[in-house]
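Shown next, in structure tokens, is the structure this report addresses.
All chains are named by letter (A, B, ...) in the order of the sequence lines, taking the proteins before the strands, and each is independently numbered beginning at 1.
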4 protein chains.
Amino acid sequence: MAGSVNKVILVGNLGRDPEVRRLGSGEPVVSLRIATSESWKDKNSGERKEKTEWHSVVIFNENLAKVAENYLKKGSKVYLEGQLQTRKWQDQSGQEKYTTEIVLQRFRGELTILDSRGGAGVDQGDQQGADGQAREGDFGNVSPMQRRSAPALVGAGGSGSRYSQIDDDIPF
Amino acid sequence: MAGSVNKVILVGNLGRDPEVRRLGSGEPVVSLRIATSESWKDKNSGERKEKTEWHSVVIFNENLAKVAENYLKKGSKVYLEGQLQTRKWQDQSGQEKYTTEIVLQRFRGELTILDSRGGAGVDQGDQQGADGQAREGDFGNVSPMQRRSAPALVGAGGSGSRYSQIDDDIPF
Amino acid sequence: MAGSVNKVILVGNLGRDPEVRRLGSGEPVVSLRIATSESWKDKNSGERKEKTEWHSVVIFNENLAKVAENYLKKGSKVYLEGQLQTRKWQDQSGQEKYTTEIVLQRFRGELTILDSRGGAGVDQGDQQGADGQAREGDFGNVSPMQRRSAPALVGAGGSGSRYSQIDDDIPF
Amino acid sequence: MAGSVNKVILVGNLGRDPEVRRLGSGEPVVSLRIATSESWKDKNSGERKEKTEWHSVVIFNENLAKVAENYLKKGSKVYLEGQLQTRKWQDQSGQEKYTTEIVLQRFRGELTILDSRGGAGVDQGDQQGADGQAREGDFGNVSPMQRRSAPALVGAGGSGSRYSQIDDDIPF
DNA sequence: TTTT
DNA sequence: TTTT
């Protein structure tokens, strides 16, 4: 439809480490499980109550997938923008199921790490500085402090060469 | 969780008339089915392609539910803000199913009608003018032009009295 | 600062035709003046009141600038996303002034035309279809119905060749 | 104008402590100065570059003003939503000036504290729990850990009674 | 399964 | 004036 907008904005924490699968090209596609929650004081009982919502996020955006793979882990707090997408699938018994996910398509979406130490903002528009000059291959300002504690584990099947390529791209 | 955000922004069109059910208190809860879509030209075939995404929206916000009930219909274009919520249910055969909806909770969310004639902005914060004076009971600027063509049908089970009460509330 | 977000979302109407200036490269930079407004019923006087806010928008994003140049005009309704930027300048008398604008940087921001006839969505991520295949040069789904009424006037200083180049890019 | 949206979303840090002034009613109006910034690696020089943008925020929303007054301080990181508003004023020399601010009107806007320890989410819709029950007077889930280090200084001109009233409202 |  |  002409003239439509489909946007999700989340600020929440990863419930587990990112899951990475690779396309034929070797590019990572990263899945995240993000929790958001609300809490309030029940007016009758006076108790604190809390409700957590879990969100499934899939990152096809190449640069953001690399960042997620390399700098996020269980517990990380992020800001992200994606779009809603519902897909149909069949379970083992042939039952039809629907799953709604927040998808960051290629060249789309945003991801910003919010953890206090090593937090870093990254989004797909970061190919350009405030000076208006485009900078291809530059994908943002991820701080090394944010690096996952076990970099050797970074990237399922990831090779050192891929990782150093990221070192070239990431500006630090 | 402290410090989280769960927000969906949609601009799209209703695929069918709003569905209204009533709480014990008589307040409407309105369900919408909203389409958003993207189109692009396939680089290989040169064909125009389009993909439509359908979204289920549930409006508990009392004022916005009244507006949806009375001023939206199949084809209407809206801007809306709500939050993602996934609920579990069982179909007739006892199968577990999950449905993800965009929910506008009581006192939360936004809904703005974007149709060219009679479009009108309404949101829950509209209890106050630009002058900073609170105005309870005032819920926005819905134009009569936007009224559904068959007001007699407005509101499943709705009575004339309820409708005129809305007339008191809606500022026109 | 690591971990920051600076985003403006507007739905409003152009108060005048887009203003286009050209960079040395010939790329258009387009300025828009957008009105948003709120209305409410004054609780004391019972009068309808309305307050309009005017926003200055500057589009450096190349594809979106072309769309704005060619498909927007006074009165057009748009959805747009950009970022806040305040710049300092001096008036003729040497007085320091500050102007805050909503900027759509290169490769960033979104612009979607919302007018009922010929409305069309365009954003910088539209280089890729729902199939996940990137499509460079494709910048969205602008409908010919949306074309400004006087295409001969399109593009200050614009040549026919540039315009037909747009015809190649725009998918219709 | 019917059908418009005027929304700003910021994630950033306070450059200084909140400034509080009081309305005749004693209600606080809080001004914040928020920094957002982007950084990138210059492709030519290879240097890290950074550009910071400063935003002026004014909070009329009563509950959010109290939270800002009591729980934010220089350096705090927040997520907030408000609307753009430009006002005209005259400096001492009679010169006309314009200032653009992000305003959180009464009953509108959102504010969520993002600091890692003691971070807390608060927004004006928090008068209701996930159970859909409205809870007046409840304005969110601010953690005591987030309290400013010198609570005695909290609230310019604030009395102990006002502060304990907040203690009643804030759910901890 | 996160976070506070 | 913040933050990394």
**Q.** Distance in angstrom units between A:Leu72 CG and E:dT3 P, rounded
**A.** 13 Å

Q. A:Ile59 and A:Ala68: which non-hydrogen atoms are nearest, and at how many Å?
A. CD1-CB, 3.8 Å

(Q) According to a cutoff of under 5.5 Å between the ring centres and under 30° between the ring planes, does D:Trp54 stack with the base of F:dT1? (A) yes

Q | Length of the line joining D:Ile34:CD1 and F:dT4:C1', which is rounded to integer Å | A | 17 Å

**Q.** Quiz item: D:Thr52 side-chain donor-acceptor pair to F:dT2 base, under 3.5 Å
**A.** yes

Q | Nearest-angstrom distance from the residue atom OH of A:Tyr79 to C1' of F:dT3 | A | 18 Å

**Q.** Length of the line joining D:Asn13:CG and F:dT2:P, which is rounded to integer Å
**A.** 10 Å

Q: Indicate yes or no for a side-chain donor-acceptor contact from C:Glu96 to the backbone of C:Lys88 under 3.5 Å, with no hydrogens or angles considered.
A: no

(Q) Output the rounded distance in Å from CG (D:Leu114) to C1' (E:dT3). (A) 12 Å

(Q) If you apply the rule side chain to side chain contact (heavy atoms under 4.5 Å, CB included), what do you find for D:Val20 with D:Val29, and how did you get there? (A) CA-CA 6 Å; D:Val20 184; D:Val29 173; over 6 Å; no

Q: Starting from C1' on F:dT4, measure out to CD on D:Glu50 and report it in whole angstrom.
A: 7 Å

Q) Taking only residues two or more places apart in sequence or in another chain, which ones pass salt bridge (Lys or Arg N to Asp or Glu O under 4.0 Å) with A:Glu27? A) none

(Q) Tell me the interatomic distance from A:Leu14, atom CG, to E:dT1, atom P, rounded to whole angstroms. (A) 15 Å

**Q.** Rounded distance in Å - NZ (A:Lys77) to C1' (F:dT3)
**A.** 17 Å

